[in-house]
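FYI, side chains are in, hydrogens and waters are out, and symmetry mates aren't considered; it's all heavy atoms of this structure. Everything numeric here is computed off the predicted structure, so don't read it as measured data. A, B, ... follow the sequence lines: proteins, then strands. Residue 1 opens every chain.
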Amino acid sequence: MPRTPTFSTLRRPMSEQVRVRFAPSPTGYLHVGGARTALFNWLFARHTGGKFILRIEDTDAARNTDAAMQAIYDGLRWLGLDWDEGPLVGGDHGPYLQSERGAIYERYAEKLRASGHVYADENGALRFRLPRKLVVMEDLVCGRIEVDRRKSQNRDGSPEADMTIRRAITDANDASGGWIFHFVNVVDDIEMKITHVIRGEDHLSNTPKHLELFEALGATPPRYAHIPLILNKDGTKMSKRDQGASVDGYIAGGYVPEAVRNFLCLLGWSPKDDREIMPIAEVIERFDPAQINRKAAQFDLEKCDWLNQQHILQMPLETLAGKVEPWLTKAAVNFGTPAAMLPVLALVRERLKKLSDAPAWMDYFFTEDFPFDPEAVAKVLGKPGALDHLRALTAAYAGVTDWNATTLETSLKSAATIAGVKVGEFVHPARLAATGRSVGASLYHTLEVLGRDRTLARFDRALAKLGADKI
RNA sequence: GACCCUAUCGUCCAGCGGUUAGGACAUCGCCCUUUCACGGCGAGAACACGGGUUCGAAUCCCGUUAGGGUCGCCA
């Protein structure tokens with residue numbers, strides 16, 4: 001038997017402008033796997049100077065809601081994945097919602113009907129006569145794949161039935177008479193002049209069928225790159241409910257988009273050296289779909305958290321302030337002006353794993369009415385002489401003229417020496433009095449930011465309160 | 001069941017015929033330090049198994065096993 005491929009996926013000229021697309025169906029949320037698919041498409045478009053197109057595959061009318069589409073738009077925008085053509089931005093190959101492209105599908109179906117590739121079955125559904133030949137494709141990620149379509153069969157072992165491209169018209173069903181994914185996907189890729197299809201590996205086994213459709217329509221197929229799926233930490237398939245599965249979760253969870261995007265870049269792709277924390281411009285420059293891994297990646301949220309912290313640490317302070325602001329506002333932290341917030345943020349930023357951590361580390365800088373952590377109180381007062389040390393420190397600090405971290409440290413240490421105790425014996429009560437807790441940034445810098453008057457007033461109030469509590 | 005993809009530390013990623021198998025997250029230890037972090041140093045931790053090919057295999061080939069995917073009038 002001849003092993004000649006029915007057609008090749010390598011016919012496209014290398015010189016044409018790259019056009020890639022992300023084609024989600026509106027299921028109500030944006031899955032991280034989808035987000036990564038979108039990201040890889042976007043990276044490839046930006047790397048090559050091509051176009052990134054967004055197309056909504058909403059042929060299943062029952063699922064098509066505005067809210068579901070909004071989740072896709074919001075998620076992509078949050079990740080900074082701007083599309084050059086698609087809903088909201090338009091373009092020359094629209095409409096970009098499949099639900100609005102009926103006339104186009106009609107035309108293509110007619111073309112197939114005219115050439116004898118398609119027929120109506122006994123129920124009235126439109127079916128594509130599968131050629132059932134040997135299909136050879138060259139996948140950018142998976143390499144050369146041969147599928148003998150003659151051997152395709154159903155679960156029960158019966159030969160594969162012809163592919164439905166349009167549902168039968170029945171009653172009561174929303175999707176009745178609607179077009180089927182495989183067909184509209186192929187038609188749109190032709191119509192939108194898509195040059196490269198970067199999509200999840202779950203479509204790899206569908207691709208031969210798509211290629212048969214391209215051939216029947218007399219069109220040159222795009223090049224394909226099937227990227228491995230993202231699995232849960234335990235290796236099982238990720239579903240909607242799983243931790244980290246939805247992009248919404250990151251937005252609500254205090255992640256910075258740059259970090260999540262960075263994390264997603266590294267799931268299945270790497271620059272082949274040890275670079276991990278990378279600005280997006282560098283990723284765009286170095287991205288190559290041919291270097292995408294073939295192995296499914298398991299999802300490790302802890303590494304994402306670490307990247308998030310690193311991005312928080314490395315971005316300009318003013319940028320961080322802008323991102324932290326909504327979180328402070330939401331927690332009713334009255335930080336005054338953004339400028340006033342900066343010194344505080346500079347002090348605590350290395351403690352922030354998420355933006356949502358900010359209020360807890362910053363609130364006591366902006367109110368005198370902060371709570372005292374009972375555990376911290378118990379711990380500090382458990383040490384004999386704690387309040388005496390705080391009194392001695394108050395007296396010493398009252399005499400400090402040049403109020404800064406250095407003088408405060410010197411003064412505290414000498415007061416401790418005079419009292420004949422270790423520095424910690426002074427530090428802990430002071431921290432508790434000034435912040436209400438046992439953990440926080442450098443005490444001296446904290447007090448410097450707080451200023452002389454507020455510090456001394458806090459010491460006095462703590463002395464009164466904690467002294468009273470003790471009795 | 002048929003067909004397709006995959007297989008390196010717990011996890012992510014290097015490695016593409018000759019390496020003490022490298023980096024990162026996580027874990028543990030030490031240092032820094034008033035605390036919590038950040039940071040620094042260090043430790044433990046992997047080539048799924050069996051056959052080949054080769055002077056020599058993590059790397060190439062074939063099996064086995066395991067995981068994933070597809071086989072819809074879902075996308």
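- Under the 30°/60° scheme for interplanar angles, the aromatic rings of A:Tyr224 and A:His226 are found to lie parallel.
- The partner of B:C71 is B:G1, by the rule that a Watson-Crick or G-U pair needs both atom distances under 3.5 Å.
- In this structure, A:Asn154 reaches the B:G72 phosphate: one of its side-chain N or O atoms is under 4.0 Å from OP1 or OP2.
- Distances from the side chain of A:Ala168 to the nucleotides B:C38, B:C73, B:C36 place B:C73 closest.
- Between A:Gln153 and the phosphate of B:C3, there is no side-chain N or O to OP1/OP2 separation shorter than 4.0 Å.
- Using atom P as the reference point in both B:U70 and B:A26, the two lie 33 Å apart (nearest Å).
- Picking from B:U70, B:C12, B:U34 the nucleotide with the shortest atom distance to the side chain of A:Leu443 gives B:U34.
- Listed candidates were B:C3, B:U11, B:C38. Nearest to the side chain of A:Lys151 is B:C3.
- Which of B:C5, B:C25, B:A37 sits closest to the side chain of A:Gln309 comes down to B:A37.
- Here the P atom of nucleotide B:C73 and the CD1 atom of A:Ile180 are 7 Å apart, to the nearest Å.
- Across the protein-nucleic acid pair, A:Arg351 atom CZ and B:C38 atom P stand 9 Å apart, rounded to whole Å.
- Side-chain N/O atoms of A:Arg167 include one lying less than 4.0 angstrom from OP1 or OP2 on B:A75.
- Between B:C41 and B:A46, the distance separating the two C1' atoms is 24 Å to the nearest Å.
- A 6.0 Å sphere centred on NZ of A:Lys422 holds no more than 12 heavy atoms belonging to other residues, nucleotides or ligands.
- Below 30°, between 30° and 60°, or above 60°: for A:Phe128 and A:His117 the angle between ring planes is between 30° and 60°, a tilted geometry.
- Distance from the side chain of A:His182 is smallest for B:A75 among the nucleotides B:C5, B:A75, B:C38.
- Nearest-nucleotide positions on RNA chain B for A:Arg127 and A:Gly268 put A:Gly268 closer to the 5' end.
- Of all nucleotides present, only B:C13 satisfies the Watson-Crick or G-U wobble test against B:G22, with each distance under 3.5 Å.
- Contact check, A:Arg431 against B:U34: no side-chain N or O comes under 4.0 Å of OP1 or OP2.
- Neither OP1 nor OP2 of B:A7 sits under 4.0 Å from any side-chain N or O of A:Asn293.
- Nearest-nucleotide assignment on RNA chain B puts the 5′-proximal partner with A:Ala297, out of A:Ala297 and A:Leu231.
- For the pair A:Gln98 CD and B:C74 P, the computed distance is 14 Å after rounding to whole Å.
- If you take atom P in B:G44 and the same atom in B:G23, they sit 12 Å apart, rounded to whole Å.
- In this structure, of B:C36, B:C73, B:C71, it is B:C71 that holds the atom nearest to the side chain of A:Arg155.
- Between the C1' atom of B:U35 and the OH atom of A:Tyr364 lies a distance of 11 Å, rounded to the nearest Å.
- Less than 6.0 angstrom separates the ring centroid of A:Phe40 from the ring centroid of A:Phe287.
- A:Arg349 places a side-chain N or O within donor-acceptor distance of the main-chain N or O of A:Leu313, the cut-off being under 3.5 Å.
- In this structure, CG of A:Asp300 is placed 11 Å from P of B:U27, rounded to the nearest angstrom.
- A:Phe426 and A:His389 have parallel rings, their planes meeting at less than 30° on a 0 to 90° scale where 60° marks the start of perpendicular.
- A ring-ring contact (aromatic ring centres under 6.0 Å, His included) with A:Phe263 holds for exactly one of A:Tyr250, A:Trp306, A:Trp269, A:Phe299; it is A:Phe299.
- Atom CD of A:Glu285 has 12 or fewer neighbouring heavy atoms from other residues, nucleotides or ligands inside a 6.0 Å radius.
- Here B:C71 is the nucleotide among B:C12, B:A37, B:C71 with the atom lying nearest to any side-chain atom of A:Glu160.
- Nucleotide B:A14 holds its P atom 11 Å from the CG atom of A:Asp273, rounded to whole Å.
- A 3.5 Å limit on both hydrogen-bonding distances identifies B:C41 as the Watson-Crick or G-U partner of B:G29.
- Nucleic acid contact class of A:Tyr444 (heavy atoms, under 4.0 Å, all strands): base.
- Following rounding to the nearest Å, A:Lys237 (NZ) and B:U6 (C1') show an atom-to-atom distance of 16 Å.
- For B:A24, the base has a donor-acceptor partner in the side chain of A:Lys303 [N/O atoms by modelled type, under 3.5 angstrom].
- Between A:Asp274 atom CG and B:C25 atom P the separation is 11 Å, expressed in whole Å.
- Base pairing of B:U65: its partner is B:A7, meeting the Watson-Crick or G-U wobble criterion (both donor-acceptor distances under 3.5 Å).
- Comparing the same atom, C1', in B:C36 and in B:C47 gives a spacing of 40 Å after rounding to whole Å.
- Residue A:Trp361 places its side chain closer to B:C36 than to any other of B:G39, B:C4, B:C36.
- Checking B:U35, B:C38, B:C13 against the side-chain heavy atoms of A:Leu313 singles out B:C38 as nearest.
- OP1 or OP2 of B:G15 has not a single side-chain nitrogen or oxygen of A:Gln291 nearer than 4.0 Å.
- Between A:Thr59 and B:C74 there is no side-chain polar atom (N or O) within less than 4.0 angstrom of OP1 or OP2.
- Note on A:Ser270: a side-chain N or O is less than 4.0 Å away from OP1 or OP2 of B:A14.
- For A:Thr164 against B:G72, a side-chain-to-base donor-acceptor contact under 3.5 Å is absent.
- Within the shown strands, nothing qualifies as a pairing partner of B:U53 under the Watson-Crick or G-U definition with both distances less than 3.5 Å.
- With both ends at atom P, the span from B:C12 to B:G52 equals 32 Å, rounded to whole Å.
- Closest approach to the A:Gln310 side chain among B:C38, B:C25, B:A75 is made by B:C38 (side chain taken as heavy atoms from C-beta onward).
- An OP1 or OP2 oxygen of B:G68 is reached within less than 4.0 angstrom by no side-chain nitrogen or oxygen of A:Lys295.
- Atom name P, nucleotides B:U8 and B:C3: the rounded distance is 24 Å, in whole Å.
- Among A:Arg127, A:Arg149, A:Arg132, the single residue meeting the salt bridge (Lys or Arg N to Asp or Glu O under 4.0 Å) criterion with A:Glu160 is A:Arg149.
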